[in-house]
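Structure first, commentary second.
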Amino acid sequence: MESIINGETKERTTDCAGEALRLFPQMLFSIDDPLKNFKRGQYGPVFKEYQDQHREIMDLIEDAFLGSEDREGFLKDLAGELVSQAQKTLSGQKKRRQEEMLSNYNMSIVIYLNPALIEYNKSSGRPVAEEILRKWKECFPRTNLKISDFESINSGFKTKFCYITTAVCESLKKPDDCYELNLLRDYRDTYLLGLPGGEKLIEAYYDVSPTIVKHINRHTMRDAIYADIWREYLSPCIRLIEEHKNEQCRVLYQDMVDTLARRYFKQEGHIS
């Protein structure tokens, strides 16, 4: 009797694993534009909707992982299938289109797919996410994705000064807790938020900055662009803050956002 039960359990695990492998890529390819709703107040509800949409797949992954005698092998197969399907989709596309699609895939994995797995699948979520990033880096060596969870990302809308600033500092190999970013965050919390309409001003930055960064990252000269932003805007802003010229910093930073928006903001609608 025990052998029959064990046999049924193994068969059920095998079935779950097969279905998980077949359906899992949908979690990536179902996202058309990962940055469309990546805004304060919009990301949370859209993330929950995405998670609800894919609960069946995540249940299959969790069941297959818990019942597998070779969990490491299952993780490799799962991540391998996702990467393989991504490679097939990119194959044959023109270079510019490939870069655009890969950029969207990268963002989809970081802000939707992996956070959904980590939050929903208590046992398999993080191991799956880690294996996805390992395999993704192996096949797309120019990418350097990191694991993050929903709460960290969602709270980031309140803790980050601006995605443009963060992207520039990352391009210059500065850590997330570098002097410049910490100074700008403190400027945001102690000066900008204290202005009449300061919170709305910051929210406006959050609305446009991710899309600006997205389009700069697609550019073949993105590091040079970020270096120019640093030289023309951010470094002078930091000097102004150090000299307690807070209003002059705000004007210069606003000019930076407006200039970059005119040049790189390519989303439906426009910025006033």
Side-chain angles (χ1 to χ4, degrees), residues 16-17 19-40 42-66 68 71-90 100-160 163 166-167 170 176 210 213-214 217:
C16 287
E19 277 294 277
L21 290 174
R22 183 177 69 84
L23 297 174
F24 184 48
Q26 293 179 16
M27 290 189 68
L28 177 60
F29 301 134
S30 65
I31 305 169
D32 293 327
D33 184 354
L35 290 180
K36 182 179 181 180
N37 295 295
F38 193 54
K39 304 173 184 177
R40 186 177 183 179
Q42 294 185 29
Y43 170 63
V46 172
F47 173 83
K48 295 300 182 184
E49 182 180 330
Y50 170 83
Q51 196 175 56
D52 288 341
Q53 179 185 353
H54 297 293
R55 284 183 187 277
E56 179 183 354
I57 299 174
M58 292 189 291
D59 283 335
L60 288 168
I61 291 171
E62 184 82 342
D63 290 345
F65 178 80
L66 292 173
S68 177
R71 292 181 175 179
E72 184 178 346
F74 171 67
L75 294 176
K76 289 181 178 179
D77 288 345
L78 196 67
E81 183 64 23
L82 183 75
V83 172
S84 176
Q85 291 298 322
Q87 288 176 314
K88 289 179 182 178
T89 306
L90 293 169
E100 180 181 348
M101 291 173 67
L102 183 58
S103 175
N104 281 338
Y105 290 162
N106 291 341
M107 291 300 296
S108 296
I109 289 171
V110 170
I111 65 180
Y112 285 106
L113 193 153
N114 275 353
L117 288 168
I118 290 170
E119 182 175 76
Y120 187 76
N121 287 2
K122 302 306 180 185
S123 297
S124 64
R126 186 164 288 274
V128 172
E130 290 172 351
E131 184 60 25
I132 288 171
L133 295 197
R134 188 196 68 78
K135 187 65 176 177
W136 199 262
K137 177 69 173 177
E138 179 183 300
C139 295
F140 305 109
R142 290 182 61 188
T143 61
N144 189 29
L145 310 184
K146 294 180 173 61
I147 287 181
S148 190
D149 55 51
F150 168 74
E151 289 301 329
S152 297
I153 295 172
N154 201 41
S155 63
F157 287 105
K158 299 178 181 178
T159 60
K160 287 185 178 178
Y163 286 92
T166 303
E170 287 178 349
D176 186 64
V213 169
K214 171 184 175 181
N217 284 343

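Below, each value reflects all heavy atoms present in this structure, side chains not excepted, and no hydrogens, waters or symmetry copies.
Proximity of Glu131 to Lys76: side-chain heavy atoms (C-beta onward) are separated by under 4.5 Å at one or more points. Two residues are said to be in side-chain contact when any heavy atoms from C-beta on lie closer than 4.5 Å; Phe140 and Tyr105 fail this criterion. By the 4.5 Å heavy-atom criterion applied to side chains, Val128 and Phe65 are not counted as neighbours. Between Arg71 and Leu66, the closest side-chain pair of non-hydrogen atoms falls below 4.5 Å.
Closest of all the heavy-atom pairs between Ile61 and Ser124 is CG2-OG, 3.8 Å. Shortest non-hydrogen contact noted between Gly125 and Glu62 is N-OE1, 4.5 Å.
Rounding to the nearest 0.5 Å places CD1 of Ile147 at 5.0 Å from CG of Leu133. Between the CG atom in Asn121 and the CZ atom in Arg55 there is a gap of 10.0 Å [rounded to 0.5 Å]. For the atom pair Asn37 CG and Phe47 CZ, the distance stands at 13.5 Å (nearest 0.5 Å). Atom CG of Asp52 sits about 8.0 Å away from atom CE of Met58, to the nearest 0.5 Å. Note that NE2 of His54 is 12.5 Å distant from OH of Tyr120, once rounded to the nearest 0.5 Å. Atom OG of Ser68 is separated from atom CG of Asp77 by 9.0 Å, given to the nearest 0.5 angstrom.
Annotation: side-chain contact (heavy atoms from CB on, under 4.5 Å) contacts of Asp63 (sequence neighbours excluded): Cys16.
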Can you give me every donor-acceptor pair (side chain of residues 107-118, partner residue at least two apart or in another chain, under 3.5 Å) with its distance?
{"unit_1": "Ser108", "atom_1": "OG", "unit_2": "Asn104", "atom_2": "O", "d": "2.8"}

May I have the list of side-chain donor-acceptor pairs in residues 81-89 shorter than 3.5 Å, sequence neighbours left out?
{"unit_1": "Glu81", "atom_1": "OE2", "unit_2": "Gln85", "atom_2": "NE2", "d": "3.1"}
{"unit_1": "Thr89", "atom_1": "OG1", "unit_2": "Gln85", "atom_2": "O", "d": "2.8"}

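Between Glu119 and Lys48 there is a salt bridge, since a side-chain N of the basic residue sits under 4.0 Å from a carboxylate O of the acidic one. At a threshold of 4.0 Å, the pair Arg134-Glu130 does not count as salt-bridged, since none of the basic side-chain nitrogens sits closer than that to a carboxylate oxygen.
A side-chain donor-acceptor contact under 3.5 Å links Tyr50 to the backbone of Met27.
Heavy-atom contacts from other residues, nucleotides or ligands closer than 6.0 Å to CD of Glu56 number 12 or fewer.
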